[in-house]
Amino acid sequence: MPRYPSWKNHAVRKDGKNILAVFILIVLVFAIANGIAKSFSLKKYFSQSEWDSKSPYVSIFSTSPPSIFIFQKDPERLTVFRLDENAYLVTGGKETLEKTADIFAKEDGEKIAKIMSFNLGVDVEKYIRPKEKIPADAESVKNLFKNFASLVTPFKIIDGIYDSEIENTNITRIDLLKLWWQLKGVSVDKLELVELAPFKEEIITGDNNKVLGVEEESIRLLMGPYLENRYLDAQKVDVEIFNESKAAEAGKLAADFASSAGFNVTGVEQSSAISEATRIIAKD
């Protein structure tokens with residue numbers, strides 16, 4: 001029986017895993033087509049994808065403490081940014097401040113996503129709140145990643161097993177499958193745990209009290225490289241932003257979002273025409 005060097009054995013195992021993953025995907029497609037997944041129609045299932053598989057995947061995760069998960073395809077890395085539960089965040093007007101822990105305890109995922117996006121200057125739309133609180137320590141997060149990257153995960157997604165374990169999420173099943181497809185070959189050693197707690201600044205409340213809030217600029221600069229889309233960066237896309245919303249700060253926030261994704265923001269203008277949106281105009 002021939003003996004192979006260790007690198008050859010690793011390559012053989014990886015090829016075998018990829019072949020098995022392709023086989024599983026084919027089985028899943030036939031399973032869906034034959035009506036095994038009765039809880040949703042085939043057309044609805046495949047029309048719900050909101051991720052292009054190229055951009056970094058970003059999601060708020062209601063762990064303990066809360067965290068933000070980012071999967072970046074190029075360079076390939078997994079990162080969990082742990083939030084400070086005691087840091088105050090702006091939840092409405094400038095005088096409306098609440099602790100991060102309190103916000104995660106009482107608000108739904110959609111409201112949390114809006115609050116986090118506004119305070120961090122980072123576009124976060126997806127969220128997931130498990131029924132059981134998961135510790136955001138290195139071992140627990142790695143175990144969670146290993147379980148999700150396993151070959152049985154697609155069957156759990158299709159059968160709705162994950163639905164019974166999740167209290168609140170806006171991540172569709174097709175995007176969960178696409179995320180699994182990307183993660184199945186990623187080594188758990190690539191997982192990073194980054195603390196955001198050190199990045200604080202004093203905020204003066206309306207009644208002249210001082211509290212510690214998040215330092216938006218430092219956090220945005222820290223997270224920026226993990227949010228870059230190399231495809232956009234290679235295209236060198238210039239954008240100009242016209243803020244047609246009633247909130248003057250919306251233009252800057254849109255610029256932060258666009259810059260983090262890899263766009264080159266050439267200008268931000270406050271439009272005289274007022275609507276409910278901020279338009280981002282891409283050149284070429």
Side-chain angles (χ1 to χ4, degrees), residues 56 58-70 79-138 140-141 167-170 192-227 241 243 245-261 265 268 270 276 278:
V58 187
S59 176
I60 291 171
F61 203 9
S62 295
T63 51
S64 180
S67 58
I68 296 176
F69 165 77
I70 300 179
T79 313
V80 174
F81 292 88
R82 299 206 315 177
L83 302 168
D84 182 0
E85 289 185 307
N86 295 313
Y88 281 81
L89 302 174
V90 177
T91 59
K94 292 184 178 180
E95 297 180 1
T96 309
L97 298 168
E98 291 187 61
K99 278 188 178 183
T100 300
D102 295 336
I103 294 170
F104 272 81
K106 71 176 186 178
E107 301 291 356
D108 62 22
E110 183 177 357
K111 181 66 179 294
I112 292 172
K114 290 181 178 179
I115 292 173
M116 297 307 302
S117 295
F118 179 78
N119 283 270
L120 302 182
V122 173
D123 189 13
V124 186
E125 296 181 356
K126 299 304 175 185
Y127 52 85
I128 183 167
R129 186 197 296 273
K131 287 184 176 179
E132 293 186 8
K133 194 63 67 90
I134 299 170
D137 58 70
S140 299
V141 173
E167 179 181 321
N168 186 225
T169 186
N170 63 346
E192 295 181 68
L193 203 60
V194 180
E195 292 285 352
L196 296 182
F199 302 97
K200 300 177 183 177
E201 64 180 358
E202 281 191 349
I203 300 175
I204 300 177
T205 64
D207 51 3
N208 290 323
N209 289 323
K210 292 182 180 180
V211 296
L212 287 177
V214 297
E215 189 183 349
E216 176 191 339
E217 189 69 21
S218 296
I219 290 178
R220 187 167 59 83
L221 290 174
L222 174 66
M223 298 181 70
Y226 298 85
L227 297 167
I241 297 173
N243 182 12
S245 71
K246 298 175 184 178
E249 65 270 17
K252 179 183 180 304
L253 190 62
D256 290 342
F257 290 172
S259 297
S260 296
V265 179
V268 181
Q270 181 70 36
E276 296 300 319
T278 295

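Keep in mind that the numbers below use all heavy atoms, side chains included, and drop hydrogens, waters and symmetry copies.
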* Considering all heavy atoms, the nearest V268-A255 contact -> CG2-CB, 3.8 Å
* Any salt bridge (Lys or Arg N to Asp or Glu O under 4.0 Å) pairs touching residues 194-204, not counting sequence neighbours? -> R82-E195, D84-K200, E202-K210
* To do: Calculate, to the nearest 0.5 Å, the distance between atoms NZ and CZ belonging to K99 and F104 respectively.
  => 15.0 Å
* Might you point out which heavy atoms bring I203 and Y88 nearest each other, and give the distance in Å? => CD1-O, 4.4 Å
* **Closest heavy-atom pair and its distance - A87, V214** => CB-CG1, 3.9 Å
* **For Y226, ring pair (Phe, Tyr, Trp, His ring centres under 6.0 Å) partners two or more places apart** => F81
* Is there a side-chain contact between N86 and L212, using heavy atoms and a 4.5 Å cut-off? -> no
* Separation between CZ of F61 and CD1 of I70, rounded to the nearest 0.5 Å -> 14.5 Å
* To do: Quick one: which residue pairs count as a ring-ring contact (aromatic ring centres under 6.0 Å, His included) with a foot in residues 200-219, not counting sequence neighbours?
  => none
* **Least distance between heavy atoms, P56 atom then L227 atom** => CG-O, 3.4 Å
* Not counting sequence neighbours, list each pair that qualifies as a side-chain hydrogen bond (donor to acceptor under 3.5 Å, both in side chains) and has a residue in residues 115-138. => E50-K126, D137-S140
Show every donor-acceptor pair shorter than 3.5 Å between a side-chain atom in residues 109-116 and any protein atom, with sequence neighbours excluded, or say none if there are none.
none

* Rounded distance [0.5 Å steps], CG in D256 versus CD in E217 -> 7.0 Å
* **Heavy-atom closest pair, residues F69 and V80** => CD1-CG2, 4.2 Å
* Structure fact -> CE (M223) and CG (L120) are apart, to the nearest 0.5 Å, by 6.5 Å
* Asked: From I128 CD1 over to I60 CD1, what is the distance, rounded to the nearest 0.5 angstrom?
  -> 12.0 Å
* **Residues that T63 engages under side-chain hydrogen bond (donor to acceptor under 3.5 Å, both in side chains), provided they are two or more places apart** => S67
* **Atom of P130, atom of S62 and distance for their closest heavy-atom approach** => CD-O, 3.9 Å
* Asked: How many angstroms lie between atom CG of D108 and atom CG of N170, to the nearest 0.5 angstrom?
  -> 10.0 Å
